[in-house]
Amino acid sequence: MMKNFYLSMIVLFCLHKINGERTIYSILHLLNGKKSSQTIQDAHFFRLTSFFSIYPSIKRVELERIIDFLQKQRFISKNTEQSYCVTSFGIKQLEEYFKQNPIPVYLNGWKYHNLTELFWERLSLAVQVISQLKNRNSKYLPIQKNKELHHWLKEYLFKSKLSKDEIAEKLYDELVACLETIDGIDPSILVRRLTGFSLIGLTENQAADLFDLDEGAYHIQFLSILHYMLEKVGTKQSDFPLLSFMIEDKKRNVPLTESSNRTFNLLQTGYNLDQIAHMRNLKKNTIEDHLVEIALNIPDFDVTPFVDIEKQKKIIAAINSVSSKQLKHIRVLVPDADYFEIRLVLAKGGERK
């Protein structure tokens, strides 16, 4: 059996979802968290947003090795040169595997991929330093080397207006209150990674060995705990003032890439697509990509100024009459709609279909 079997099953799950309509490299871009309009749209259209950017370091050669393994196991069969479909045997294996090893419900790569790593770096450094301060020890090496993190922590400690003992006690209480309500995942999967006074946190590989999990399974559970914490802390800031301050300066009101967010702000000011393209010195189809991303992520965004109601109805009827999410199949049924209009309508209804 493959060393990282969990990751192989995640790839198989994604292949099952896209059902031969995209190449295997679309899965690589999804797991890497590529900020292209195509990858972002695919994540939403195929309901794979949870997996966005969850394995940012996976390489092309590793994905190809996994595909080779899945094919040899008869879990998948080749559809075209770079696309595969999951066999009935593969579907059965998927169901059995994830019944025993469920994908954590808290996993939300799309929502938290911009915050997760920074939150962990700040949390782990704060726990280490505050633990050392409480024990009056100044002879230690910070586990995070980034000077910006050190500067942030000094500001964090100053703004808390708490003594060394008080901040240690309050941060501990917040961590316990946050983690004690998590279901389905052992909080020690994260806790054993923390470094403190006279205690060295485990590496990811060491922790995976300790919990008898393969690396991919451990990684997903660790991420899921961080995503759970970010959700809970973000929605109940008053209950977790010290934890919420760790992300306060990085939170956004809308989950858009920076470039799309700029386009969104200009749209709200009243500029049209041509004007925005000219002002930003970008091609119009790039601005159209931004609009699709906005439609995917802003629930009350109205696409009617860009696609009239009657044409929306035709496109929706075409979407519902074909099983494929390939644009060319939909356009055959609605020849007077262009690809941008179809993508916009899909963006508003793709998750609900």
Side-chain angles (χ1 to χ4, degrees), residues 14 18 21-49 51-53 56 60 82-83 109-115 250-309 311-312 314-316 318-319 324-332 334-351 353:
C14 293
I18 66 177
E21 293 189 30
R22 301 288 188 272
T23 72
I24 58 173
Y25 301 108
S26 68
I27 296 172
L28 179 69
H29 300 327
L30 172 77
L31 299 179
N32 281 161
K34 185 177 181 181
K35 297 286 183 67
S36 70
S37 59
Q38 185 64 59
T39 301
I40 292 167
Q41 289 163 46
D42 285 350
H44 286 81
F45 291 167
F46 296 107
R47 302 185 183 182
L48 293 169
T49 49
F51 301 111
F52 188 84
S53 196
R60 185 183 181 106
Q82 294 182 343
S83 72
W110 171 248
K111 186 173 183 180
Y112 293 120
H113 69 277
N114 284 323
L115 283 175
K250 298 295 180 181
K251 287 200 314 187
R252 281 190 190 166
N253 292 326
V254 290
L256 299 173
T257 55
E258 280 191 32
S259 191
S260 294
N261 198 41
R262 269 185 242 135
T263 294
F264 183 49
N265 290 335
L266 289 169
L267 268 178
Q268 290 181 304
T269 311
Y271 294 104
N272 64 36
L273 300 194
D274 290 315
Q275 289 171 321
I276 295 171
H278 178 72
M279 292 167 70
R280 299 200 56 201
N281 195 26
L282 295 171
K283 292 179 180 178
K284 187 178 178 182
N285 59 10
T286 301
I287 302 302
E288 290 175 348
D289 286 345
H290 294 167
L291 249 72
V292 174
E293 186 185 334
I294 292 163
L296 283 165
N297 290 286
I298 309 298
D300 57 355
F301 181 71
D302 183 14
V303 301
T304 305
F306 312 99
V307 194
D308 68 61
I309 293 292
K311 193 178 287 187
Q312 284 184 50
K314 289 181 189 177
I315 294 170
I316 290 168
I319 291 169
S324 172
K325 285 189 174 70
Q326 289 187 327
L327 304 184
K328 62 184 181 182
H329 294 150
I330 299 166
R331 198 175 184 207
V332 167
V334 195
D336 61 325
D338 62 32
Y339 285 126
F340 168 57
E341 292 171 323
I342 295 169
R343 288 164 63 216
L344 261 189
V345 175
L346 262 173
K348 291 309 292 181
E351 288 266 48
K353 183 173 179 278

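This one's a predicted model, so the numbers in the text were calculated from it and none came from an experiment. We're numbering straight along the sequence, starting at 1.
Every residue meeting the salt bridge (charged side-chain N to carboxylate O under 4.0 Å, His left out) condition with R60, not counting sequence neighbours, appears here in chain and number order: E64. Scanning for side-chain hydrogen bond (donor to acceptor under 3.5 Å, both in side chains) contacts around E288 gives an empty result, with sequence neighbours left out. Under the rule for a side-chain hydrogen bond (donor to acceptor under 3.5 Å, both in side chains), R262 has no partner lying at least two apart in sequence or in another chain. Every residue two or more places apart in sequence or in another chain that forms a side-chain contact (heavy atoms from CB on, under 4.5 Å) with I316 is listed here: N320, V345. Considering only residues two or more places apart in sequence or on other chains, D302 meets the side-chain contact (heavy atoms from CB on, under 4.5 Å) condition with T304, P305. Under the rule for a side-chain hydrogen bond (donor to acceptor under 3.5 Å, both in side chains), Q82 has no partner lying at least two apart in sequence or in another chain. A search for side-chain contact (heavy atoms from CB on, under 4.5 Å) contacts involving H278 returns nothing, not counting sequence neighbours. Partners of T23 according to the side-chain hydrogen bond (donor to acceptor under 3.5 Å, both in side chains) rule, which considers only residues two or more places apart in sequence or in another chain, do not exist here. For K284, the salt bridge (charged side-chain N to carboxylate O under 4.0 Å, His left out) test picks out D274, with sequence neighbours left out. Taking the ring pair (Phe, Tyr, Trp, His ring centres under 6.0 Å) definition, one finds that H113 meets it with F52, W110, sequence neighbours left out.
Here Y271 contributes atom OH and I287 contributes atom CD1; the two are 13.5 Å apart, rounded to the nearest 0.5 Å. A distance of 13.5 Å separates CD1 of I309 from NZ of K314, quoted to the nearest 0.5 Å. Of the inter-residue distances, the one linking L30 atom CG with F51 atom CZ reads 8.0 Å to the nearest 0.5 angstrom. If you take OG1 on T263 and CD1 on I294, they are separated by 6.0 Å, rounding to the nearest 0.5 Å. The distance from the CZ atom of F45 to the CG atom of L327 is 7.0 Å, given to the nearest 0.5 Å. One distance of note links CG of N114 with OG1 of T257; it measures 9.0 Å at 0.5 Å rounding.
Across all their heavy atoms, A347 and A295 have their closest contact at CB-CB, 3.8 Å.
Not one N or O on the side chain of E293 forms a donor-acceptor pair closer than 3.5 Å with the backbone of S260. Between the K348 side chain and the P299 main chain, a donor and an acceptor come within less than 3.5 Å of each other.
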Practice item. Might you work through the side-chain contact (heavy atoms from CB on, under 4.5 Å) test for S259 and R280, ending with a clear yes or no? Key: CA-CA 10 Å; S259 191; R280 299 200 56 201; 3.0 Å; yes

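Identified under the salt bridge (Lys or Arg N to Asp or Glu O under 4.0 Å) test for residues 33-45, with sequence neighbours left out: R22-D42.
A heavy-atom distance below 4.5 Å is found between the side chains of L273 and F306. At least one side-chain heavy atom of L291 sits less than 4.5 Å from a side-chain heavy atom of L267. Contact annotation: the side chain of T39 never approaches that of N32 to less than 4.5 Å [non-hydrogen atoms, C-beta and beyond]. With a 4.5 Å cut-off on side-chain heavy atoms, H290 and L256 do not count as touching.
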Can I get a per-line list of side-chain donor-acceptor pairs under 3.5 Å for residues 336-344, giving both atom names and the distance, sequence neighbours left out?
from, atom 1, to, atom 2, distance (Å)
D338, OD1, F340, N, 3.2
D338, OD1, E341, N, 2.8
E341, OE1, K311, NZ, 3.2
E341, OE1, D338, N, 3.0
E341, OE2, K311, NZ, 3.3
R343, NE, Q41, OE1, 3.2
R343, NH1, D289, OD1, 3.4
R343, NH2, D289, OD1, 2.6

